[in-house]
Amino acid sequence: MFFEKGFEMHSEHLMNTYGRQPVTFVKGEGVWLTDTAGDRYLDALSGVAVNGLGHAHPKFVAALNAQIAKLIHVSNIYQIAEQSALADKLAALSGMDRVFFCNSGCEANEAAIKLARLYGHNKGVDHPEIIVMDQSFHGRTMATLSATGNRKVQAGFEPLVSGFLRVPFDNLEAIKTIASHKNNVVAILVEPVQGEGGIHIPASLKAYLQGLREICDANGWLLMVDEVQSGIARTGTWFAFQHAGILPDVMTLAKGLGSGVPIGACVARGVAAETFVPGKHGSTFGGNPLASAAGLATLDIITEEKLRENAEEVGGYIRQQFLSALKDEAGVVNVRNAGMMIGIELNKPCAELVKQALAAKVLINVTSEKVIRLLPPLVMNKHEADELVGRLAPLILNFLKASA
Ligand SMILES: *Cc1c(COP(=O)(O)O)cnc(C)c1O
């Protein structure tokens with residue numbers, strides 16, 4: 001498409017589901033995006049944890065071009081070589097057994113929820129229930145918004161899907177209490193690090209996940225981790241559960257897996273991996289040759305360029321640099337990170353910082369009202385990280401001063 005310089009692509013014919021910023025990007029390169037006026041922006045959001053490779057990564061573009069020229073789509077009623085190869089690779093990286101491919105995070109979680117219910121019915125539980133967390137986010141479909149721990153996501157869409165029991169995040173005792181008096185629970189669904197809820201990291205991710213694993217083992221429940229945001233090297237390990245040295249029974253993936261080509265995955269192990277049989281679940285597009293090639297290229301490039309290690313190192317560096325730039329500032333509650341999932345929590349709502357940052361040519365997000373959320377491309381280097389801190393820290397300090 002051709003755009004006049006400075007043109008904003010806006011249409012009255014789009015449904016009003018997003019409050020959009022008044023900017024239209026036309027191209028990207030690495031951690032930079034260029035708008036219609038030719039202005040360059042530092043991307044610290046990655047399309048919400050999607051563009052881990054940055055934009056227009058040459059190897060990724062070449063892999064996609066080659067696949068598009070060969071074969072974009074065939075039905076899942078045939079063998080798909082790229083899909084099989086991607087399943088093998090995900091199994092090898094995660095220690096899990098089998099993968100179902102779909103097109104998004106909510107679909108991956110739908111698959112997990114269906115799998116847990118079927119697992120329950122297969123062992124004679126008539127009304128299976130799944131434990132979910134406060135402040136969680138699992139998607140916008142009816143089942144996943146019902147599992148989500150945020151009233152705003154649910155309001156207006158009642159009746160909700162039943163069969164979810166909600167407990168506080170990072171609280172094993174609440175779950176043990178349920179285990180002691182309920183016999184129809186079949187699974188726990190949890191984000192190891194909560195993303196949309198405000199970058200909540202358990203006090204000890206290791207102890208929390210190990211504790212959940214023990215409770216699930218003792219009760220015959222499935223441990224299901226939603227790694228739609230935390231997976232694919234985002235937290236410095238391939239998957240966040242690997243910080244705890246445990247294996248879940250089910251893991252869901254999406255955002256970073258296809259670097260922008262829509263793909264989701266429900267990954268399972270042991271009895272959970274054998275639960276679905278033909279006729280129980282499916283997807284027209286899921287794991288088609290193009291999407292699978294995108295997933296394969298993404299995993300290869302992350303490995304070759306050591307982006308997992310980079311996410312750990314540069315993520316920690318960004319946190320340190322913000323800590324020193326914002327020190328002595330009472331309005332900053334804390335700065336936390338798990339690799340390149342970074343949250344800066346302020347003591348007041350700060351949504352207006354998104355617009356101020358846009359004016360300073362840096363793309364950020366505010367979630368849970370008071371938390372500045374940064375999800376930089378995994379390729380971000382320290383020089384670019386310095387640029388990010390240099391642009392954003394003064395805005396935060398001014399914002400706190402002006403609103404004091
Ligand atoms: C984004 C997200 C989802 C939903 O993914 P979609 O692709 O938007 O459906 C689910 N779970 C978590 C943890 C997410 O961050």
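In what follows, every heavy atom counts, from backbone to side chain, and hydrogens, waters and symmetry copies are set aside. First listed ligand is number 1; within each ligand, the first listed atom is number 1.
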Evaluate the ring planes of His73 and Phe285, with Trp represented by its six-membered ring, and classify them as parallel (under 30°), tilted (30 to 60°) or perpendicular (over 60°).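 If you compare the ring of His73 with that of Phe285, the planes turn out perpendicular.
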
Hey, can you tell me if Phe169 and Tyr208 have their rings parallel, tilted or perpendicular (30° and 60° cut-offs)?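 Rings of Phe169 and Tyr208: perpendicular, as their planes differ by over 60°.
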
So, does Glu387 use its side chain to make a donor-acceptor pair with the main chain of His383 at under 3.5 Å?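 Between the backbone of His383 and the side chain of Glu387 there is no qualifying donor-acceptor contact (under 3.5 Å).
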
Ala240 backbone acceptor or donor facing Glu227 side chain under 3.5 Å: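 Yes; at least one donor-acceptor contact below 3.5 Å.
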
Check whether any side-chain heavy atom of Arg151 sits under 4.5 Å from a side-chain heavy atom of Gln154, and report yes or no.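 SC-SC contact between Arg151 and Gln154 confirmed.
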
Is the shortest N/O to N/O distance between [X] and ligand 1 below 3.5 Å?
X: Gly139; value: no
X: Gly105; value: yes
X: Asp226; value: yes
X: Glu191; value: no

Side chains of Asn334 and Glu345: any donor to acceptor distance under 3.5 Å? no

Contact atoms of ligand 1, heavy-atom distance to [X] under 4.0 Å:
X: Gln229; result: 15 (O)
X: Ser104; result: 7 (O), 9 (O)
X: Asn109; result: 10 (C), 11 (N)
X: Phe137; result: 2 (C), 3 (C), 4 (C), 11 (N), 12 (C), 13 (C), 14 (C)

Atom 2 (C) of ligand 1 - nearest protein heavy atom and its distance: Lys255 NZ, 2.5 Å

Please state which protein non-hydrogen atom is closest to atom 9 (O) of ligand 1 and give its distance, to 0.1 Å? Cys106 N, 2.8 Å

Could you tell me which non-hydrogen atom of Ile301 sits nearest to which non-hydrogen atom of Phe60, and how far apart they are?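 Taking every non-hydrogen atom into account, CD1-N, 3.6 Å.
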
Option among Arg319, Lys382, Arg308 that satisfies the salt bridge (charged side-chain N to carboxylate O under 4.0 Å, His left out) test with Glu313: Lys382

Honestly, for Thr252 the part within reach of ligand 1 (heavy atoms, under 4.0 Å) is neither

